[in-house]
Amino acid sequence: MDRCTYQVVRDHDSRYVYAVSAVVGGAVRELTFQKEADVRFSSGWRKVTQVDACAGGQHQPPTELRVTGKLDNPDGYEEWVPRTIRSNGIEPAAASSIPKAPSITSVDRIDAATVRVNWQTPQGNPDLVMLMERKPFYISELGLWDPYTFQRDVPSDATSAHRKLERNAAIPANVRTHSYWMRVTKNGFVNDLRTETAVDVQP
């Protein structure tokens, strides 16, 4: 991604706690997580993790990355379930592999319960363009409202979408905010998660 930040896209098994390590000059060291998100690609859901290879004053780029998963609760599983899983060595791709998400240009109120979210034309022919929406969601099992993030796939040539606001009087004031931002995927990578900037709207 750049000299310090690397993105790892992998399948996710929630039984395991994962770490990403760098091989630098023959030595292996664990990297600090910067951002992480669940992203739905055309092939299904993946866990996207961005790590910092420069933490601790390191300046030499890694020649290889490795992912390790440790079984989170080994006492709860049969003996045949692996306690540790490891990836093969991953050679970093070029920084140009990371696509760039379009910016949201405005959020216009259409009526009391509807907004139109507008964004720039996506560049670079991404495989998937997503309007990300964080808004109150009612959890019936718990009987409460809580913020929840939705991934809304949009046509690659679209530059706007209408969204409905949650305006239920029972929504607590601290979870009423609606937020919108864009995300894209291309060739198995997602845009830089650090640069995703949400636009907030009050219903």
Side-chain angles (χ1 to χ4, degrees), residues 1-2 5 7-14 33-52 95-203:
M1 208 175 247
D2 55 41
T5 300
Q7 184 180 97
V8 177
V9 181
R10 57 173 168 80
D11 291 334
H12 181 60
D13 186 331
S14 60
F33 283 23
Q34 290 179 326
K35 295 278 284 187
E36 191 170 58
D38 293 301
V39 180
R40 188 177 66 246
F41 290 76
S42 56
S43 56
W45 286 96
R46 299 288 184 270
K47 180 72 76 171
V48 178
T49 304
Q50 290 180 196
V51 292
D52 183 4
S96 58
S97 300
I98 304 300
K100 184 175 177 58
S103 299
I104 286 183
T105 54
S106 65
V107 179
D108 304 325
R109 194 173 294 272
I110 303 303
D111 55 43
T114 311
V115 294
R116 182 175 64 241
V117 183
N118 305 286
W119 58 88
Q120 297 172 334
T121 302
Q123 303 297 312
N125 298 312
D127 297 328
L128 193 61
V129 181
M130 296 154 273
L131 170 62
M132 305 300 294
E133 179 181 48
R134 187 168 177 83
K135 66 178 185 177
F137 179 75
Y138 186 69
I139 305 174
S140 57
E141 294 86 351
L142 301 178
L144 55 80
W145 290 86
D146 201 49
Y148 189 83
T149 300
F150 297 88
Q151 177 176 309
R152 313 289 188 187
D153 298 350
V154 296
S156 58
D157 58 349
T159 55
S160 68
H162 286 203
R163 298 306 311 153
K164 287 292 184 181
L165 303 175
E166 295 291 347
R167 294 172 54 84
N168 192 303
I171 300 174
N174 63 327
V175 299
R176 286 180 189 161
T177 302
H178 291 53
S179 301
Y180 302 94
W181 66 97
M182 301 303 296
R183 182 174 284 172
V184 297
T185 65
K186 185 173 183 179
N187 296 330
F189 291 99
V190 68
N191 54 270
D192 187 347
L193 300 177
R194 298 169 302 172
T195 63
E196 294 183 333
T197 304
V199 176
D200 294 341
V201 175
Q202 297 302 321

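If you read the sequence from its start, that first residue is 1, and numbering goes on from there. Heavy-atom basis, side chains included; hydrogens, waters and symmetry copies ignored.
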Less than 4.5 Å apart, any side-chain heavy atom of [X] and any of [Y]?
{"X": "Lys35", "Y": "Val48", "result": "no"}
{"X": "Phe33", "Y": "Val8", "result": "no"}
{"X": "Tyr180", "Y": "Arg163", "result": "yes"}
{"X": "Val115", "Y": "Ile110", "result": "no"}
{"X": "Val9", "Y": "Arg46", "result": "yes"}

Does any donor atom in the side chain of [X] or [Y] lie under 3.5 Å from an acceptor atom in the other side chain?
{"X": "Glu133", "Y": "Ser179", "value": "no"}
{"X": "Gln7", "Y": "Gln50", "value": "yes"}
{"X": "Ser160", "Y": "Arg116", "value": "no"}

Side chain to side chain contact (heavy atoms under 4.5 Å, CB included) with [X]: which residues, sequence neighbours excluded?
{"X": "Thr121", "answer": "Gln123, Thr159"}
{"X": "Asn187", "answer": "Asp127"}
{"X": "Leu128", "answer": "Met130, Gln151, Asp153, Thr185"}
{"X": "Ser106", "answer": "Asp108, Asn118"}

Can you name the nearest heavy-atom pair linking [X] to [Y], along with the distance?
{"X": "Ile171", "Y": "Val175", "result": "CG2-CG2, 3.6 Å"}
{"X": "Val184", "Y": "Val190", "result": "O-CG2, 3.2 Å"}
{"X": "Gln202", "Y": "Thr177", "result": "NE2-OG1, 2.8 Å"}
{"X": "Arg134", "Y": "Trp181", "result": "CB-CZ3, 4.0 Å"}

Backbone N or O of [Y] within a donor-acceptor pair of the [X] side chain at under 3.5 Å?
{"X": "Trp119", "Y": "Ala158", "value": "yes"}
{"X": "Thr195", "Y": "Asp192", "value": "yes"}
{"X": "Gln120", "Y": "Ile104", "value": "no"}
{"X": "His178", "Y": "Glu166", "value": "yes"}

(request) Hey, could you give me each pair passing salt bridge (charged side-chain N to carboxylate O under 4.0 Å, His left out) that has a residue in residues 170-188? Not counting sequence neighbours. (result) Arg183-Glu196
(request) Using the ring pair (Phe, Tyr, Trp, His ring centres under 6.0 Å) rule, collect all pairs that involve residues 125-160, keeping only residues at least two apart or in two chains. (result) Phe137-Tyr148, Phe137-Phe150, Tyr138-Trp145, Tyr148-Phe150
(request) Go through Arg194 and Asp52 one step at a time and tell me if the salt bridge (charged side-chain N to carboxylate O under 4.0 Å, His left out) criterion holds. (result) CA-CA 12 Å; Arg194 298 169 302 172; Asp52 183 4; over 6 Å; no
(request) Output, in order, the C-alpha distance, side-chain angles, deciding distance and verdict of salt bridge (charged side-chain N to carboxylate O under 4.0 Å, His left out) for Lys47 and Asp11. (result) CA-CA 6 Å; Lys47 180 72 76 171; Asp11 291 334; over 6 Å; no
(message) Are more than 12 heavy atoms, taken from residues, nucleotides or ligands other than Asn125, located less than 6.0 Å from that residue's CG atom?
(response) no
(message) As an exercise, state the distance from CE of Met182 to CZ of Arg152, rounded to the nearest 0.5 Å.
(response) 13.0 Å
(request) With side chain to side chain contact (heavy atoms under 4.5 Å, CB included) as the test, would you mind laying out the steps for Thr49 and Arg10 before giving the verdict? (result) CA-CA 8 Å; Thr49 304; Arg10 57 173 168 80; 3.9 Å; yes
